[in-house]
Amino acid sequence: MRIDVQNLTHIYNEGQTDEVTALDDVSFTVGEGSITGIIGHTGSGKSTLIQHMNGLLKPSSGKIFADGTDITSKDVSMPEIRRKIGLVFQYPEYQLFEETVAKDIAFGPKNLGMSDAEIEKRVHTAMSLTDLDYEKFAVKSPFELSGGQKRRVAIAGVLAMEPEVLILDEPAAGLDPASHRSMMELVRRLNTEHNTTIVLVSHNMDDVAEYCTDVIVMDDGKIFLSGTPREVFRHSSELESKGLGLPFGQCLIREMNRQGADISGDSVLSGEDAAEAVLRWLEEKKC
Amino acid sequence: MLRDITLGQYYPRESVIHRLDPRVKIAATFLYLIMIFVVRDFTGYAFVTCVLAAVTAVSHVPVKFMARGMKPVMFIIVFTFVINIFVYKGTVLVSLGPLNITDNGLRQAVFIAVRLILLIFGTSLLTYTTKPMQLTDGFESIMRPLTKVGLPAHEIAMMMSIALRFIPVLLEETDKIMKAQQARGADFESGNLMKRAKSLIPLFIPLFVNAFRMAIELAMAMEARCYHGGNGRTRLNPMKLQKIDYIAIVLIMLFAAAVIVQASGITGLPMLWPSR
Amino acid sequence: MSSIVTAENLKYVYERQESPEENSEQAEEPASAIDGLSISIEKGSFTAIIGSNGSGKSTFAKCINALLVPTEGRVTVDGMDTADDEMVWDIRSTAGMVFQNPDNQIVSSIVEDDVAFGPENLGVPTPEIRERIDRAMKEVGIYELRKRAPHTLSGGQKQRVAIAGVLAMEPQCIIFDESTAMLDPGGRSDVMDVIEKLNSRGITIILITHYMEEAVRADRIIIMHDGRAVSDGTPSEIFSRRSIIKDAGLELPYAVRTADVLRGKGVPVPDGVITIEALAAWLADYGRQYDAD
């Protein structure tokens, strides 16, 4: 599914003394099958933006189209949007409430009014996607699980709605390195194997560089930069001036230049990219 | 929507009212509450309202901000108004089928509504102008004599201050969970009463679980910072009555005296729409 | 040098009913969260403890602070036994602790009142409380925020309030229990800068973290796995032990991974290069040999 955001503006407490423009004329497209990263420091409007994309917030002005359907219109069916566009908030493990893992995952499909057989099937699928063994976990209480497992249950709860677009806010926040890696691999698998369009909000520039196909940089409610990771991270000085980090490879090249190396590597993202740039640089020097 | 709840919050300003000793403010608020119940007619309420307005003006807390705090309790006020307007007997003014609005009912309804509004405005002014920590210190200090009869004054005060500290955190949490469940298709807004009550389960269970987790973590953090009850605790800002506090005490006494004199009717001034 | 924290054959077993709800980490911890740990931490040092969820590192932190008392073995803080009830307040003011969640460790609704909470509990006289909290708030860079309400601050600012609250108790040692885990990169680097500053003026730091990029800034790293210390050494020693890192469910810092790639291509990056600054400096320097030709 493709999402077009057009001239989206959102003002909190509009007309009051403490009104805040959280989004200011934002337009962009999330391409079908893409993994679109949204970056920006805290308070840049990312969170407000993704809540619009799922219909949780209504814009002050502007429109959002999901495959051509205007989801900001009054006539649109909310359950239909929620089914097609899934949203996983930060630390989603804190919203679990059912007695068992299976029931919690079934909450979404049930709200959409599906048949018991269909729900059962979807719970199975969602659990296997998130590496939760059905036999072992289905009847357990979600409150007995570890932090990482709880998070996977929460994500399974959204996956069970089989969304065509999945929006994730910092899905790997606070996880240990191994769980972090497997969470990001899950995101990639959903995209490649299940053709789910992904919108990923993240502070981790290395994840964004490694996993995203497109990047949108938010600053002060506006889009500051957008493009592929290579196009965006090329603007390293501008990003740094906005208090945003850079992927490791780009940091290394910048640090080397600060040390007087005079190495070019604008399109460098990962450590591997940086290693290649270093080798090229050494080659040139040898000649 | 939940962010609108300003009731019970502190509104930082540099005003005389903010600087007053919390004990004086608590005692004054207490006296004010009694006086609201002493008042018998609308002249009295006009006087109380004027005094309250003057204090509010001095406190620099915007009336708009205070009015926003009234929103969540508006329902209660309207509710009591509606109840009152129908239950009193007297001269019938309007007849709606079996229900009658009488002159007494109308008067009583308006009277109670005004009383409630004054009550909430007055008490919220206390929390708007007093830091929660000072408020609880004040309560603790006032209640201290009662520790002799086994009242855990310090513990109660500490619980109150923590409750106030966590109001915004829990509101934010509620908002977050609500949205998260809505994203999973939960519907908090439609259906009959039973269905709506049931739809709150996915909101309340995680909220309680999270509140307990917060409580446990906070308790641990407090212990780690050597909290061991009120014994041997010193204070960053110990309370000492200043000149301004003594002036405030005199003023509030004068206010109370004025209300009592007016309500007793001995001034001979006419009463405005009093109850019989 | 003398040690400030020691653990001798420490074992800690969670009782069934108290374990799961306590916090998200502990549910993963096996019945025996710490299983025979012997460590000694030098005064004034900066030690990072790394390990996957459930490795027992948070439990260890709580044992140092006497929030948990060993099931077996002994933990001492500046010579005081944590099992000794008489000593508990001295232990907690000697070894302060900053927790993970910034919201759930701030007691008061005003920043400076919260910073004063510790000294108030210790019975510090009023004028001295004021001095201590002003100094602490300035040191972590939140003095300008002292009248604010905590819920209006960013995560990084809240964590610095928590640090100031501990500092005002004038501890010799501060334990950071995943205190950067919930912060954004800006907040994290602010907190790390404060940590290094405190260490440079002699405060012992024990940093529990998931971020390898933070651990390399310590002068000693301990890897915990299944309730035991499986590796202990300087950062460069630790990150040359590839198989231990992998078995403990951890990852190498990016600089080390990149250095590995370069070594594979014949660039002789020395083993001790584990930070981005060191790698960049070495490479820049290595390139210079060709300039001379």
Side-chain angles (χ1 to χ4, degrees), chain B residues 3 6 8-14 18 127 130-137 154 158-173 176 208-240, chain C residues 18 21-24 61-62 64-68 88-110 112-130 132-133 147-152 162 165-166 168-169 171 175 177:
Chain B
R3 286 195 190 86
T6 55
Q9 296 297 299
Y10 175 63
Y11 192 89
R13 273 291 127 89
E14 296 286 328
H18 283 73
T127 58
T130 317
K131 289 183 200 171
M133 219 56 175
Q134 287 185 331
L135 200 59
T136 52
D137 283 354
H154 171 76
M158 184 52 87
M159 274 172 4
M160 280 169 40
S161 84
I162 289 172
L164 287 172
R165 149 83 180 98
F166 277 87
I167 285 172
V169 178
L170 284 170
L171 285 179
E172 214 172 283
E173 194 73 25
K176 247 194 291 189
F208 279 124
V209 170
N210 294 351
F212 274 111
R213 182 178 46 84
M214 275 180 204
I216 290 168
E217 285 182 20
L218 182 71
M220 199 177 284
M222 286 170 72
E223 269 194 63
R225 282 162 75 187
C226 296
Y227 179 69
H228 53 279
N231 286 345
R233 270 196 106 212
T234 46
R235 288 300 154 92
L236 169 63
N237 301 308
M239 288 174 291
K240 236 193 301 166
Chain C
E18 69 171 317
E21 243 91 72
E22 229 168 23
N23 77 35
S24 54
K62 286 171 192 138
I64 301 174
N65 203 255
L67 288 168
L68 299 175
V88 77
W89 311 117
D90 290 317
I91 288 170
R92 288 180 188 163
S93 58
T94 307
M97 186 139 159
V98 179
F99 295 84
Q100 179 180 22
N101 191 322
D103 274 315
N104 302 350
Q105 55 184 315
I106 294 179
V107 185
S108 178
S109 308
I110 301 287
E112 66 171 13
D113 289 355
D114 187 76
V115 177
F117 184 71
E120 286 179 341
N121 290 332
L122 295 173
V124 174
T126 297
E128 198 190 328
I129 296 180
R130 173 51 64 189
R132 282 190 184 199
I133 66 167
K147 302 282 184 196
R148 293 266 295 269
H151 71 270
T152 64
V166 170
M169 303 201 298
I175 306 141
D177 187 5

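To find a chain, count down the sequence lines: A is the first, B the second, and so on, and within it residues start at 1. All values below come from the heavy atoms of this structure, side chains included, with hydrogens, waters and symmetry mates left out. Predicted model, so just to flag it, every value in this text is computed and none were measured.
- Without hydrogens or angle criteria, B:Glu217 side chain to C:Asn104 main chain gives no donor-acceptor distance under 3.5 Å.
- Proximity to chain B (any heavy atom under 4.5 Å) is shown, for C:Glu112, by both the backbone and the side chain.
- Put simply, of C:Ser109, C:Ala66, C:Ala162, C:Gly96, the one with the most heavy-atom pairs under 4.5 Å next to chain B is C:Ser109.
- C:Asp113 contributes atom CG, which lies 6.0 Å from atom CG of B:Asn237 (distance to the nearest 0.5 angstrom).
- Interface summary for chain C: among B:Gly232, B:Pro238, B:Pro168, the most heavy-atom pairs under 4.5 angstrom belong to B:Pro168.
- If you measure heavy-atom distances from C:Pro171 to chain B, you find no contacts under 4.5 Å at all.
- Using a 4.5 Å cut-off between heavy atoms, C:Phe117 contacts chain B through both its backbone and its side chain.
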Exercise for review: Verify side-chain contact (heavy atoms from CB on, under 4.5 Å) between C:His151 and C:Asp103, making sure each step is shown before the conclusion.
Suggested key: CA-CA 8 Å; C:His151 71 270; C:Asp103 274 315; 5.5 Å; no
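- If you tally non-hydrogen atom pairs under 4.5 Å between each of B:His228, B:Arg165, B:Met214 and chain C, the highest count goes to B:Arg165.
- Residues C:Met97 and C:Lys62 approach most closely at CE-CG, 3.9 Å, considering heavy atoms.
- B:Arg235 places no side-chain N or O within 3.5 Å of a backbone atom of B:Met239 that could act as its donor or acceptor partner.
- Among the candidates C:Pro127, C:Ala95, C:Gly123, C:Pro119, the residue making the largest number of heavy-atom pairs closer than 4.5 Å to chain B is C:Gly123.
- Under a 3.5 Å cut-off, the side chain of B:Thr234 and the backbone N or O of C:Thr126 do not form any donor-acceptor pair.
- The aromatic rings of B:His18 and B:Tyr10 sit perpendicular to each other, their planes meeting at more than 60°, with 30° as the lower class boundary.
- Using a 4.5 Å cut-off between heavy atoms, B:Phe166 contacts chain C through its side chain alone, with no backbone atom that close.
- Although no hydrogens or angles enter the test, the distance criterion places a donor-acceptor pair under 3.5 Å between the side chain of C:Ser93 and the main chain of C:Asp90.
- Checked for salt-bridge contact, B:Arg225 and C:Asp114 meet the test: a charged N lies under 4.0 Å from a carboxylate O.
- Both the backbone and the side chain of C:Ile106 come within less than 4.5 Å of a heavy atom of chain B.
- With a 4.5 angstrom heavy-atom cutoff, B:Pro12 does not touch chain C via any of its atoms.
- By number of non-hydrogen pairs under 4.5 angstrom with chain C, the leading residue of B:Ala221, B:Ala219, B:Ala215, B:Ser161 is B:Ala221.
- Only the side chain of C:Asn65 comes within contact range of chain B, judged by heavy atoms closer than 4.5 Å.
- Your options are C:Gly118, C:Pro125, C:Ala116, C:Ser108, and the one with the most heavy-atom pairs under 4.5 Å with chain B is C:Ser108.
- For the options B:Thr136, B:Leu218, B:Leu236, heavy-atom pairs under 4.5 Å to chain C are most numerous at B:Leu236.
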